[in-house]
Amino acid sequence: MYLIKKNFLHFKENKITDQSVFLNRRKVILGAMGSIFAANFSNLYANNNNNNYNKVIKRNLTSFENISKYNNFFEFGTTKQIWKQAQKLKIENWKIEISGSNISDKNVFLEDILQKVGIEERVYKFRCVEAWSMVVPWNGFPLSKLIKILDPKSDTKYVEFETFFRPNEANNQKQSWYPWPYKEIITINEAMHPLSFIATGVYGKPLPKQNGAPIRLVLPWKYGFKSIKSIVKINFTNTKTKSFWETIAPKEYGFWANVNPNVPHRRWSQEYEKDIDTGNKYPTLLFNGYSEWVSSLYANVKSKSIFY
Ligand SMILES: Nc1nc2c(c(=O)[nH]1)N[C@H]1C(S)=C(S)[C@@H](COP(=O)(O)O)O[C@H]1N2
Ligand SMILES: [Mo]
């Protein structure tokens, strides 16, 4: 996210790999996540029955290399090259605090959730508000499945998500002027939509820490900043609160943040996007190409506001 204007279209340096560093890191992640992943990931592709959504993708998958080395994760720094810093994040025994729900245990373990939901693959286009995009084969499960388990109170209108606050692991959280922790909020109808996805993996492997391990949101029709990483809290509420970015720059990063080529960011056009693998430019599509499935969500919302 650019508070200061930067040249953000430099991707070439991300192509450099140190294979040994890469492989070691994988081992660490696999070790940390334990056997749950091994068990669930064995039938990854068998569960994939969502090919219908793939028709909007007319591009190749982005390489694992670029997906995992070109990141936005402000907790670890303000550049795209934070993957090394992100390895400091401790993801063992990941607990998620739940509020606004009818379940009695307010702390759920990710492992327990994974045991109840089946893992599937979803190939989604991912469009950052900074006008770059990629095509990602996520692994995970529909957010609606998790919400059904969590049983929100009946007056729920919004779902709030929060990332960890651990300045000792995430160095940029020592910068106190940011409104940490990172927070996002969506309507319950958006959250229950079949496209709303919780990712726990990518390319059939556990999610790299820099991509928001061990559990993150993916909302493919919205700008990337809504897809909050490394979630530690979920709150069902009837009050609309402000997200991390809305708090920082409300005129640039609003509540809805639905992708629209015709509504420019205040400082740049959204008409085109750059593929981070090839550098090719593509026209940006309304709702990132997912209109057919999501436009009905906004039938009763004042038309102009849904893009801010
Ligand atoms: N907690 C947290 N979540 C976050 C961010 C962040 O800085 N912190 N960045 C967002 C932005 S701006 C984008 S584009 C995507 C980037 O996801 P990726 O690094 O997996 O591509 O994560 C989103 N989720
Ligand atoms: Mo972004």
Side-chain angles (χ1 to χ4, degrees), residues 8-19 22-23 25-26 29-30 37 40-73 80-83 86 118-142 194-227 229 259 272-285 287-290 292-294:
F8 57 84
L9 297 177
H10 276 160
F11 311 110
K12 292 290 183 283
E13 71 265 38
N14 304 315
K15 306 239 164 172
I16 303 158
T17 327
D18 179 339
Q19 275 297 343
F22 215 60
L23 292 173
R25 186 165 48 90
R26 283 278 323 288
I29 292 167
L30 285 169
F37 266 105
N40 271 320
F41 274 68
S42 55
N43 65 351
L44 263 186
Y45 300 97
N47 267 340
N48 179 15
N49 50 13
N50 294 288
N51 292 325
N52 197 22
Y53 300 133
N54 293 356
K55 70 182 184 200
V56 304
I57 297 162
K58 300 189 171 80
R59 286 153 56 180
N60 292 331
L61 291 183
T62 301
S63 64
F64 180 74
E65 181 64 20
N66 274 336
I67 290 172
S68 61
K69 294 246 172 99
Y70 185 86
N71 301 102
N72 268 334
F73 205 161
K80 298 288 176 282
Q81 283 73 41
I82 52 74
W83 70 269
I119 297 286
E120 60 183 76
E121 186 196 59
R122 292 278 180 100
V123 179
Y124 280 163
K125 265 192 345 149
F126 189 89
R127 170 61 158 83
C128 174
V129 72
E130 295 159 351
W132 53 264
S133 63
M134 54 185 181
V135 179
V136 187
W138 301 106
N139 309 104
F141 50 88
L195 273 169
S196 295
F197 202 62
I198 290 284
T200 52
V202 67
Y203 268 109
K205 308 171 221 195
L207 204 59
K209 292 182 178 181
Q210 59 272 31
N211 293 94
I215 177 169
R216 74 167 304 167
L217 190 60
V218 182
L219 304 168
W221 70 98
K222 291 180 180 284
Y223 290 119
F225 67 89
K226 298 292 292 187
S227 293
K229 295 177 168 181
V259 174
Y272 292 92
E273 61 201 57
K274 199 162 179 173
D275 181 281
I276 66 166
D277 257 1
T278 61
N280 292 343
K281 262 177 126 186
Y282 293 91
T284 293
L285 302 175
F287 293 111
N288 201 25
Y290 297 94
E292 166 182 351
W293 298 284
V294 298

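Numbering starts at 1 and runs along the sequence shown.
A donor-acceptor contact shorter than 3.5 Å is absent between the side chain of T200 and the backbone of I215. The backbone N or O of K125 sits less than 3.5 Å from a side-chain atom of N288, completing a donor-acceptor pair. Between the side chain of N139 and the backbone N or O of V202 there is at least one donor-acceptor pair closer than 3.5 Å.
Residues V294 and P220 fail the side-chain proximity criterion, which asks for heavy atoms closer than 4.5 Å. With a 4.5 Å cut-off on side-chain heavy atoms, P194 and Y53 count as touching. Under the 4.5 Å side-chain criterion, counting only non-hydrogen atoms from C-beta, W293 is in contact with V56. Looking at heavy atoms from C-beta onward, Q210 lies in side-chain contact with I82 at the 4.5 angstrom threshold. Residues M134 and Y70 are not in side-chain contact: their nearest non-hydrogen atoms beyond the backbone lie 4.5 Å or more apart. In this structure, the side chains of L61 and V136 stay at 4.5 Å or more apart for every pair of heavy atoms. In this structure, F287 and L195 have side chains that are not in contact, with every pair of non-hydrogen atoms separated by 4.5 Å or more. Inter-residue side-chain proximity for S227 and K222 is flagged as unmet; no heavy-atom pair is nearer than 4.5 Å.
Taking NZ of K80 as the start and CD1 of I276 as the end, the distance is 10.0 Å to the nearest 0.5 Å. To the nearest 0.5 Å, atom OG of residue S133 and atom CG of residue D275 are 5.5 Å apart. To the nearest 0.5 angstrom, N211 atom CG is 9.0 Å from F126 atom CZ. Annotation: the span from N71 atom CG to K209 atom NZ amounts to 14.0 Å, rounded to 0.5 Å. One distance of note links CZ of F197 with CG of L219; it measures 11.5 Å at 0.5 Å rounding.
Taking every heavy atom of both residues into account, W221 and S196 meet most closely at CH2-OG, 3.3 Å. Nearest heavy atom pair, residue I57 against residue V123, reads CD1-O, 3.2 Å.
When each of T62, N66, N60 is paired with D277, the side chain to side chain donor-acceptor pair (under 3.5 Å) condition holds for N66 and for no other.
A donor-acceptor pair shorter than 3.5 Å cannot be found between the side chains of K274 and N280. Judged by distance alone, the side chains of R59 and T278 never bring a donor and an acceptor atom under 3.5 Å apart.
Under the ring-ring contact (aromatic ring centres under 6.0 Å, His included) criterion, F73 pairs with F76, sequence neighbours left out. Taking the side chain to side chain donor-acceptor pair (under 3.5 Å) definition, one finds that W138 meets it with nothing, sequence neighbours left out. Applying the salt bridge (Lys or Arg N to Asp or Glu O under 4.0 Å) rule to K229 yields no partners; only residues at least two apart in sequence or on another chain are considered. The side chain to side chain donor-acceptor pair (under 3.5 Å) search around Y124 returns R122, not counting sequence neighbours. Evaluation of the side-chain contact (heavy atoms from CB on, under 4.5 Å) rule for T284 yields R127, V259, P261, E273 as partners, not counting sequence neighbours. The ring-ring contact (aromatic ring centres under 6.0 Å, His included) search around F141 returns none, not counting sequence neighbours.
In this pair, F225 and Y223 present their aromatic rings parallel. The plane angle is below 30°, not in the 30 to 60° band.
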